[in-house]
K.L.:
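I have a structure here, written as C-alpha cells, and I will follow up with some questions on it.
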Number of protein chains: 2
Amino acid sequence: MGTIYDLAKKTGFSITTVSKALNNYKDVSEKTRAKILQAAAEMDYLPNAHAQSLSTKKSWAIGVMFSEANEVGMKHPFFNGIIESFRHATEEHGYDLIFASRNLRNRDMSYLEHFKHRAVDGIVVICSDRMDEQVQELMQSDIPIVVVDMDSANCSVVYSDNTEGARMAVNYLYELGHRHIAHIAGDSSIDAGAARVKGYELAMHALDLPIQPNHLVNAGFFSVEEGKQAMEKLLQLESPPTAVFVAGDQMAIGAIEAVHEHGLRVPEDISIIGYDDIEMIKYITPKLTTIRQDTDEIGEAAAELLIEQMTAKERRTERRVIPVRLIERASCAPVKK
Amino acid sequence: MGTIYDLAKKTGFSITTVSKALNNYKDVSEKTRAKILQAAAEMDYLPNAHAQSLSTKKSWAIGVMFSEANEVGMKHPFFNGIIESFRHATEEHGYDLIFASRNLRNRDMSYLEHFKHRAVDGIVVICSDRMDEQVQELMQSDIPIVVVDMDSANCSVVYSDNTEGARMAVNYLYELGHRHIAHIAGDSSIDAGAARVKGYELAMHALDLPIQPNHLVNAGFFSVEEGKQAMEKLLQLESPPTAVFVAGDQMAIGAIEAVHEHGLRVPEDISIIGYDDIEMIKYITPKLTTIRQDTDEIGEAAAELLIEQMTAKERRTERRVIPVRLIERASCAPVKK
DNA sequence: CAAATTACCGAAAGCGCTTTCGGGAAGAGG
DNA sequence: CCTCTTCCCGAAAGCGCTTTCGGTAATTTG
C-alpha cells in the first residue's frame, strides 16, 4: 500500500506537497497534483486513518452504545431498525460506526472511557434504560451525543410522539364503540412507557371515560411473557375490558396468546392494539393493529442532530419528536352489543 | 484527560518510563510503577487508541461487512443473531467492531479499501451473496478474515450443516408418513440454498422417494413473498405434495399464508417445515416446526477462527460446520389417510 | 526596468504513543 | 577492593500524516 513517503519518493516531491495534493490544497499546481494523484492510484495508496486522526483530531467515527438489556442487543426488533437507518444516514457523511467493547485489554472500562480512548467524534445511545449508570455518564460528558428513545434536558434527543400515539390508540378503540379500555403499560422508569401511560390517561379523560385502577397494569419491560401475564390479570377481573391498548408489540403478542388460551378470540371477544409496528406482527394471527413508530425517520433525525454537533465540534441540545401513525390491521373490531 | 507527557511531567519520570509502567514492562520498579499508575488514575488518563495503533500496527478493531441485500442490514432476522454473538465473543478479547461506510469524505471506496484505511486487524463478512464483487475482493485480500454462511476454499469459513439439516427435515416428514415431499428452495447461487437442495435430494434418494420435478421449486432469495408465490405454484399442481420442506423460515411464513388463502389448513391438510428458527415463528399460527441454526455457536466459532488469525498475524483457512437441530412445533402432522 | 504580487513548493514541528539500545547505580562474586 | 551482573531508567527514533511558515521563482504593475 505504501505511505505518503513512498509517494513523495516516487514523484520527487516533498511529503508536504503530496499531502497537500491529496487534500486539495490550492497552493499546488494542477500539473503536480495530477502526477501525484496518478502515482497514488498506481500504487493504490490509501491514507492511514490513525495517522490522520492523530494529526487532525478528527476520527470520523461514531461510538454506539446499544441496548444491552436481556442480552438482545442487535436482535432488538425495534432498535435494530433505528440503528440501521442511522447507519445509512451517517454513512453518507463519511462516518463509521464503532461498537465498543467494555474491555480494553483485560482492564474493563466504561463506555465513555472507551469512546474517549477511541477518540470518537460523537456518540449515539440507543437504549431505553435511563437509570443505567453508563448512559448517565455518557450524557454528562462533553462529547457530542444524541440519545434515542429517551428524554433529557441536557443533550440532544429523538423519540416518537408517545403520548400522541397512545391517544390515537385509545381514540381508535373508542370510535369502535369500546368504553372499557384497559392499558397494559411498560414500566414508568422507561420514558416511552411513562409517556404512553400519560397519553392513555389524557385520552380517557378527554373522552370522559373513567379509568378503573385494575385496568391499568404495569407489565414491566416490554417482553412477550410479561404481556401475557398482564393480560391474564385482566382476564381474571370481574369486569374485564372489551379492548386493551398494549404499550408494545411484543407484549401485545403475549396478550393475544393469553386471550387465546382463555378460549377467547381476538378481535371478536376482545380488541387489542399494540405499539411499535415491528416486523413480525404482520404474520401473527390476527395481524396486529398498532401504532407505528417510524424507525427510518428516527434514525435519520438522530443522525442529523449528531452530525450537526460533530461538524460544529460542540455539544448542543435539541429535541426532536417524530410523529407516529396508526396501522389498521385485524386485531380490533367494533364492540359486541 | 491528558497525554503521556502530562503524566511524565506530573510524576517526574520520562515518557519512556511512563509508557513502560502502563504496559507492564518489567524493567520498572514497583515503586515507580505504583506512582505512575496512581497519577494516571488521578488525572484519569486514557491512552489514545490512534497513537497506539500507529505505533504498534495493531488496531484492536474488526471490520464487519454485513449483508446489504434488500436494504435489511441489521434487521436481518437470522444474521443479526450471529453478529450479536460474534460481538460478545470478540469483545471479551478486547476487540471493537467497526461498521464501515463505503464513503470516505465524498470519494467512495470499496469495503476492502476502507478496511485497509482503518487498518483493522481482521474482517468478518456476514453475507450470503458469494458473487458480490466486494466480498470477492475481501476474500482475496491478505487480511485475516472469516466468512459466515458461505463456503470457500481459501479463507476461513463457518456455516451450519445445511445438507444434514435438509436431510433431517425430509426424514422427519417421512416418519410422519409423508411420501410426497416438496422443497421450496433458496437460489442455488447462495451456498446455503444449494446445500439444502442437495440434502433434500440425497434424503429423498436414500428413502427411495422419487422427486417430481415440479415439486422442487426455486423461490429465490428467502423472502416471505417469494415463499408465498412458490407455494402457490405447488398448490396449483394436479398432485400437490402433502408436505413441504421450505429452505427458510421467512419463506415458510409466506408458504403458510398461501395455504391459508387456498382455504387449506396447516398442518391438517399440508405439513410445512422451515429452516433457521428465527424469533418470530414461535408466534405465528401454527407455530412453525423448523431446523434450528445455532446463531450463538456460529458467531462464537467465527470469532474464534478470526481471533486465532489475528493473534498469529497471518491468514489461515479453516472450515467450521455447525450442527443443526430439529425443533418440533406445530406445523407438521402425520399424513392424512 | 525596479518593485510588488502571486504561485508554488518544502523544512520542520507536532499529534501521542512504543520500543530499542545504552548507560549509570547498585548488588553479587571473587 | 575490583569486576561482573542485575536492576532501573531515559534519549531518541519512528509510526504516517497535517499544517504553519518561509522562501524562491514567476508574474504583474506602474
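Keep in mind the model is a prediction, meaning the values are calculated, not measured. A note on names: the letters A, B, ... follow the listed sequences, proteins ahead of strands, and every chain is numbered from 1.
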K.L.:
On the nucleotide C:dC15, are OP1 or OP2 found under 4.0 Å from the side-chain N or O atoms that B:Asn48 carries?
P.N.:
no
K.L.:
State whether A:Thr16 places a side-chain N or O below 4.0 Å from either non-bridging phosphate oxygen (OP1 or OP2) of C:dA11.
P.N.:
no
K.L.:
Below 4.0 angstrom, N of the basic side chain to O of the carboxylate: do B:Lys75 and A:Glu279 qualify?
P.N.:
no
K.L.:
Round to the nearest Å and state the distance from A:Leu54 atom CG to C:dG14 atom P.
P.N.:
14 Å
K.L.:
As an exercise, state the distance from CG of A:Leu112 to CD of A:Gln140, rounded to the nearest 0.5 Å.
P.N.:
10.0 Å
K.L.:
Mark yes when over 12 heavy atoms from residues, nucleotides or ligands other than B:Glu133 sit less than 6.0 Å from its CD; otherwise mark no.
P.N.:
no
K.L.:
Which whole-number value in Å describes the distance from B:Leu22 CG to C:dT18 P?
P.N.:
7 Å
K.L.:
In whole Å, what is the span from the CG atom of B:Asn24 to the C1' atom of D:dC8?
P.N.:
16 Å
K.L.:
Between B:Gln52 and C:dG16, is there a contact of a side-chain N or O with OP1 or OP2 at under 4.0 Å?
P.N.:
no
K.L.:
What parts of residues 5-12 of chain B reach DNA chain C, counting only heavy atoms under 4.0 Å away?
P.N.:
B:Tyr5
K.L.:
Go through C:dC17, D:dC17, C:dT20 for me and flag the one nearest to the B:Tyr45 side chain.
P.N.:
C:dC17
K.L.:
What's the closest nucleotide to the side chain of A:Ser19 if the choices are D:dT19, C:dT19, C:dC15?
P.N.:
D:dT19
K.L.:
Is it the case that the side chains of B:Glu92 and B:His88 hold a donor-acceptor pair, with the cut-off being a distance below 3.5 Å and no angle test?
P.N.:
no
K.L.:
Please determine whether side-chain contact (heavy atoms from CB on, under 4.5 Å) holds for the pair B:Phe222 and B:Ile190, giving the CA-CA distance in whole Å, both sets of side-chain angles, and the decisive distance to 0.1 Å.
P.N.:
CA-CA 10 Å; B:Phe222 297 87; B:Ile190 292 175; 3.9 Å; yes
K.L.:
Nearest whole angstrom, please: distance from the P of C:dT19 to the CD1 of B:Ile15.
P.N.:
13 Å
K.L.:
Rounded off to whole Å, could you give me the OH-to-P distance for the B:Tyr25 and C:dT19 pair?
P.N.:
4 Å
K.L.:
Please work out whether the ring planes of A:Phe66 and A:Phe79 are parallel, tilted or perpendicular, with thresholds of 30° and 60°.
P.N.:
perpendicular
K.L.:
To the nearest angstrom, how far is A:Ile4 atom CD1 from D:dG14 atom C1'?
P.N.:
16 Å
K.L.:
Quick test of your reading of the model: are B:Arg87 and B:Glu84 salt-bridged, counting only N-O distances below 4.0 Å?
P.N.:
yes
K.L.:
Report each atom pair, protein N/O against N/O of nucleotides 7-9 of chain C, whose distance is under 3.5 angstrom.
P.N.:
{"residue": "C:dC9", "atom": "OP2", "partner": "A:Ser29", "partner atom": "N", "Å": "2.9"}
{"residue": "C:dC9", "atom": "OP2", "partner": "A:Ser29", "partner atom": "OG", "Å": "3.4"}
{"residue": "C:dC9", "atom": "OP2", "partner": "A:Thr32", "partner atom": "OG1", "Å": "3.3"}
{"residue": "C:dC9", "atom": "N4", "partner": "A:Asp27", "partner atom": "OD2", "Å": "2.8"}

K.L.:
For B:Thr16 and B:Ser19, does a side-chain donor sit closer than 3.5 Å to a side-chain acceptor?
P.N.:
no
K.L.:
For B:Ile36 and C:dC17, give me the distance from atom CD1 to atom C1', rounded to whole Å.
P.N.:
14 Å
K.L.:
How many whole angstroms separate atom CG of A:Asn23 from atom P of D:dC17?
P.N.:
10 Å
K.L.:
Decide if atom NZ of A:Lys58 counts as having more than 12 heavy atoms of other residues, nucleotides or ligands within a radius under 6.0 Å.
P.N.:
yes
